[in-house]
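Sequence lines set the chain letters: A, B, ... in the order given, protein chains first and strands last, and positions in each chain run from 1.
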Amino acid sequence: MSKLRVRFPPSPTGNLHVGNARTALFNYLFCRHHEGTFVFRIEDTDRERSRDEYIQNEIEAMKWMGIDWDEGILIGGEHGPYKQSERMELYQTHIQKLLDTNHAYICFCSSEQIEEDREEARKNNMPPRYSGRCRGLTKDQIEDRIAKGDPYVIRFKLPEKESVEVVDLIRGTKTFPVSSLDDFIIARSDGMPTYNLAVTVDDATMEITHIVRGEDHFFGNTPRQVLLYEALGYPIPVFAHMPMILGDDKTKLSKRHGAFAITEYGNMGFLPEAFVNYMAFLGWSPKTEEEFFTMEELIQRFEIKNVNTSPAIFDYEKLKWYNAHYLRQKSNEELFSMVEQNLEEKGFLTDEKNKEFYLQAFQHMKDYLVLTTDIITNLETISTYNGILSDRLPEIQTPETQSLLPALLQQFSNVPEWTPDSVLNAIRQAGKDAKVKGKHLWMPLRIMMTNEDQGPEIYLVIYLMGKKKVLGILQELQTKI
RNA sequence: GGUCCCGUCGUAUAACGGUUAGUACACCGCCCUUUCACGGCGGCAAUAGGAGUUCGAUUCUCCUCGGGACUGCCA
C-alpha cells in the first residue's frame with residue numbers, strides 16, 4: 001500500500017466540539033499508527049457562517065489535545081491552499097468538467113418551487129427528492145434564461161447505474177441504491193460549490209486515501225461523493241464511519257447536553273492527557289482491560305477495526321475520574337506552574353505564602369483534586385472564611401472544646417516552621433494536651449475553622465490559612481465560648 | 001414516508017459458537033485514615049423479545065420491538 005493520507009476538515013462555523021475532536025483524534029491515531037500523512041484543512045465554503053475566530057479556536061483545540069499535522073492550515077504543504085475559500089478556481093474547473101461531460105446540468109428551479117415540491121411529496125408520504133425537471137432543458141432554453149439573468153444552480157446528474165458501493169473499514173463494504181438519492185446541487189446560485197462537491201475535489205486533489213468521519217455521512221453524503229469520484233475519474237478512497245457520540249438522552253450531542261468547546265475543557269480544569277485518554281475510549285477499545293494510555297501508546301495500539309459500530313454516550317463522570325488520576329501523577333512543580341498565574345491574579349501569592357508554601361500544600365492536596373481549578377476553589381473558600389457563624393456556635397460550646405481551644409492556641413503558636421506536617425502534629429499534640437480525641441477533636445476543629453462538615457483535610461486547610469489567620473480565628477473564638 | 005445505522009449492567013466496554021457473562025466509572029456497604037478524598041475489600045446491576053441453525057447462541061440467520069441519524073443553495 002502506498003503511503004496513507006488522511007485529513008481532518010472542520011468547518012469554522014463554531015468552536016471545535018466533542019464530536020469533531022473525537023473525529024480528529026481517531027484520524028490522527030489511525031494516521032500515526034500507519035505512519036501516514038495528516039492533513040488539516042478548513043471547509044469554509046459557507047461564507048455566511050464561517051468566521052476566522054473559529055479557525056483560531058480549532059487550531060488552538062488541536063494543539064491543546066496534542067494533535068499535530070503534516071500539511072494544512074498554518075504550515076502549508078504541497079497540496080495547498082488548505083482553505084476552501086482559496087480553492088475556488090479548482091472547484092470551478094471541476095464543475096465545468098462535470099458539465100462538459102454531461103454529468104451535471106443547469107437548473108433554474110427556484111427555492112420556492114423546490115420547497116413546494118417537497119411539501120407535496122411529504123403530503124403524499126413520498127421521499128422529497130428533486131424531480132429532475134430541468135434535466136431536459138435545451139441549450140437554447142438555457143442560454144435564453146441565463147441571458148435574461150435568471151438565477152440558477154448546477155446539479156449533479158445521477159448515473160443510470162442501480163447502486164453505489166462504499167468500502168468501509170469499520171462497517172464493511174455496503175451498497176446503496178442510487179434511487180435513494182437525487183440530482184443534488186453541486187454549485188449554488190452564487191457560484192459557490194456545495195459541500196459534497198468541495199470535499200470530493202479536495203480529497204481527490206489532496207490525494208486522500210482514507211476518510212475517517214462520523215456515521216452521519218454514511219448513507220447520504222458518502223454515496224454521493226463516490227458517484228462524484230467516478231464521474232470525475234478519480235480513484236475512490238477507503239472510508240471508515242465512526243459511531244456517533246450521544247448526550248445522556250441518546251440524541252446527538254449538542255450544547256444542550258453541556259457539550260463545551262474543547263478549549264473550554266482546559267479552562268474548566270481538565271488535563272489534555274485525561275481528555276484524550278477518555279475520548280479514545282468513546283467508540284474504541286484496546287480489547288484488554290487496560291485503561292490508561294498516553295498519546296504515544298494510543299498511536300501504537302489503535303486499530304481502526306477495533307472501533308465499535310454502536311453509538312457512545314459521553315460520560316462526564318468518567319472524564320473527571322481520568323482527570324483526577326492524571327492530576328495525581330503531576331509533580332508539585334507542575335501543579336504550581338499550572339495555577340501560578342491564577343494564584344497571582346487572586347492575590348494568593350505573597351511573601352509569606354510563596355511558591356515553597358504551595359509546593360508543600362500540593363503534596364498533600366493531590367489526592368482529592370479532580371480538576372486543576374479545585375486548587376483555586378479551595379483556596380478561595382479558605383480565604384473568604386472569617387470566623388464561625390452564630391448558628392454553628394452551639395455545636396462547639398462544649399467542655400471539650402473549651403479545653404481544646406487553649407491547647408490548640410498554644411501548640412500552633414509554638415510551631416517552629418509552618419508546614420502541613422507540623423500543623424498536623426500540633427493538632428495531635430493539642431488533642432493529647434486537652435485529652436480530646438477522635439471525632440471529638442476533628443469535627444469541632446473542622447467546624448471552628450471552616451463552618452462546614454466536610455472538605456479537604458483539616459490540617460491542610462489550617463496550613464493554607466496561614467498561622468496568623470488561624471491564631472486570630474482561635475482567639476476570637478475564645479471570647480465566644 | 002424513504003434510506004441507513006445501532007441494541008451486553010445506569011454509562012464505557014470484554015467474552016475462537018462452550019465463562020458462575022469479566023473490567024472500569026457511577027452507586028451502596030465495610031476496612032484504612034482520629035471526617036471527606038486516596039487506597040484496599042465486598043455488593044447491586046446486563047445479553048430487548050421471538051423464531052431458526054447447532055449437542056450447545058451474547059456470538060450466525062430471519063422477524064418484531066426499541067433507539068438514533070440523514071432526508072438543505074449547512075458541513
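At the phosphate of B:C70, OP1 or OP2 sits under 4.0 Å from a side-chain N or O atom of A:Lys252. Note on A:Arg328: a side-chain N or O is less than 4.0 Å away from OP1 or OP2 of B:G39. Between A:Arg118 and the phosphate of B:C73, there is a side-chain N or O to OP1/OP2 separation shorter than 4.0 Å.
Nucleotides B:G50 and B:G17 have their P atoms positioned 23 Å apart, rounded to a whole Å. B:U13 and B:C73: their P atoms are spaced 34 Å apart (whole Å). Using C1' as the reference atom, B:C25 and B:A14 are 15 Å apart when rounded to the nearest Å. Straight-line distance between the P atoms of B:G56 and B:A24: roughly 35 Å, to the nearest whole Å. Separation of the C1' atoms belonging to B:C9 and B:A48 is 14 Å when rounded to the nearest angstrom. Nucleotides B:G18 and B:A51 place their C1' atoms 22 Å apart, quoted to the nearest Å.
Between the A:Asn277 side chain and the A:Glu291 main chain, a donor and an acceptor come within less than 3.5 Å of each other. Judged by distance alone, with hydrogens and angles left aside, the side-chain atoms of A:Asp183 form no donor-acceptor pair with the main-chain N or O of A:Gly132 at under 3.5 Å. A donor-acceptor contact shorter than 3.5 Å links the side chain of A:Thr222 to the backbone of A:His217. The backbone N or O of A:Glu53 lies less than 3.5 Å from no partner atom in the side chain of A:Asn57, so there is not a single donor-acceptor pair. Without hydrogens or angle criteria, A:Glu86 side chain to A:Lys83 main chain gives no donor-acceptor distance under 3.5 Å. Checked by atom type and distance alone, the side chain of A:Arg171 pairs as donor or acceptor with a backbone atom of A:His241 at under 3.5 Å. The backbone N or O of A:Ser180 lies less than 3.5 Å from a partner atom in the side chain of A:Arg129, making a donor-acceptor pair.
Taking atom OH on A:Tyr322 and atom C1' on B:U11, their separation rounds to 13 Å, with Å as the unit. A straight line from CG of A:Asp315 to P of B:C9 spans 14 Å, rounded to a whole angstrom. Atoms CZ (A:Phe292) and P (B:A24) sit 11 Å apart, rounded to a whole Å. Straight-line distance from the CZ atom of A:Phe184 to the P atom of B:A75: 13 Å, rounded to whole Å. What separates CZ of A:Arg47 from P of B:A75 is a distance of 11 Å, to the nearest Å. The CG atom of A:Leu369 sits 11 Å away from the C1' atom of B:C38 (whole-angstrom rounding). Taking atom CD of residue A:Gln225 and atom P of nucleotide B:A75, one finds them 11 Å apart after rounding to whole Å. As rounded to whole Å, 13 Å separates atom P of B:U11 from atom CG of A:Asp249.
Using a 30° and 60° split on the angle between ring planes, A:Trp284 and A:Phe281 fall in the perpendicular class, above 60°.
Within the 4.0 angstrom heavy-atom criterion, no nucleotide atom of any strand lies near A:Thr288. The residue A:Phe281 sits close only to the backbone: its heavy atoms come under 4.0 Å of sugar-phosphate atoms, none of a base. At the heavy-atom level, A:Gly283 lies under 4.0 Å from the strands shown only through sugar-phosphate atoms. Here A:Ser285 lies in heavy-atom contact (under 4.0 Å) with sugar-phosphate atoms only. Nucleic acid contact class of A:Ile313 (heavy atoms, under 4.0 Å, all strands): sugar-phosphate only. Nucleic acid contact class of A:Lys366 (heavy atoms, under 4.0 Å, all strands): none. As judged by a 4.0 angstrom heavy-atom cut-off over every strand, A:Trp321 is placed among residues touching the sugar-phosphate backbone only. When heavy atoms are screened at a 4.0 angstrom cut-off, A:Asn308 is found touching the sugar-phosphate backbone but no base atom. Within the nucleic acid shown, A:Arg122 has no heavy atom closer than 4.0 Å to any nucleic acid atom. Across all strands shown, A:Ile458 has heavy atoms under 4.0 Å from base atoms, whether or not it also approaches the sugar-phosphate. Looking at heavy-atom distances under 4.0 Å, A:Glu48 makes no contact with the nucleic acid at all. Looking at heavy-atom distances under 4.0 Å, A:Arg49 makes contact with a base.
Closest to the A:Asn221 side chain, of the nucleotides B:A24, B:G1, B:A75, is B:A75. The listed nucleotides are B:A69, B:A24, B:A37; the one nearest the side chain of A:Tyr368 is B:A37. Across B:A75, B:A12, B:A26, the shortest atom-to-atom separation from the side chain of A:Asp46 is found for B:A75. Of all nucleotides listed (B:U23, B:U3, B:C73), B:U3 comes nearest to the side chain of A:Ser180. Proximity note for A:Asp216 (side chain, C-beta onward) versus B:A69, B:G39, B:U11: the nearest is B:A69. For A:Ala312, taking side-chain heavy atoms from C-beta onward, the closest of the listed nucleotides B:A12, B:U11, B:A26 is B:A12. With B:A75, B:U34, B:C25 as the choices, the nucleotide that has an atom nearest any side-chain atom of A:Arg428 turns out to be B:U34. Of the candidate nucleotides B:U11, B:A69, B:A12, B:A12 has the atom lying nearest to any side-chain atom of A:Leu282. Taking every side-chain heavy atom of A:Arg446 into account, B:U35 is the closest of B:G1, B:C73, B:U35. When each of B:A24, B:U35, B:G1 is scored by its nearest atom to the side-chain atoms of A:Lys318, the top-ranked nucleotide is B:A24.
The shortest heavy-atom contact between A:Ile458 and A:Trp442 is CG2-CE3, 3.4 Å.
A:Arg87 pairs by the salt bridge (charged side-chain N to carboxylate O under 4.0 Å, His left out) definition with A:Asp202, not counting sequence neighbours.
For A:Ser189 against B:C73, a side-chain N or O and a base N or O form a donor-acceptor pair under 3.5 Å.
Between A:Asp168 and A:Lys174 no salt bridge is recorded (no basic side-chain N to carboxylate O distance below 4.0 Å). A:Asp190 and A:Arg47 are not joined by a salt bridge, as no carboxylate oxygen comes within less than 4.0 angstrom of a charged side-chain nitrogen. The residues A:Lys252 and A:Glu215 are annotated as not salt-bridged, no charged nitrogen and carboxylate oxygen being separated by less than 4.0 angstrom.
No side-chain heavy atom of A:Arg213 sits less than 4.5 Å from a side-chain heavy atom of A:Asn27.
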Restricting to nitrogen or oxygen on both sides, can you table the protein-nucleotides 5-8 of chain B pairs closer than 3.5 Å?
from	atom 1	to	atom 2	distance (Å)
B:C5	O3'	A:Arg171	NH1	3.1
B:C5	O2'	A:Arg171	NH1	2.9
B:C5	O2'	A:Glu215	OE2	2.8

Check your understanding: For RNA chain B, what is the dot-bracket line, given that a base pair needs Watson-Crick (N1 to N3, plus N6-O4 or O6-N4) or G-U wobble (N1-O2 and O6-N3) geometry with both distances under 3.5 Å, and | means paired with another strand?
Key -> (((((((..((((....[...)))).(((((.......)))))....(((((..]....))))))))))))....
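B:A75 has its base stacked against the ring of A:His217, the centroids being under 5.5 angstrom apart at an interplanar angle below 30°.
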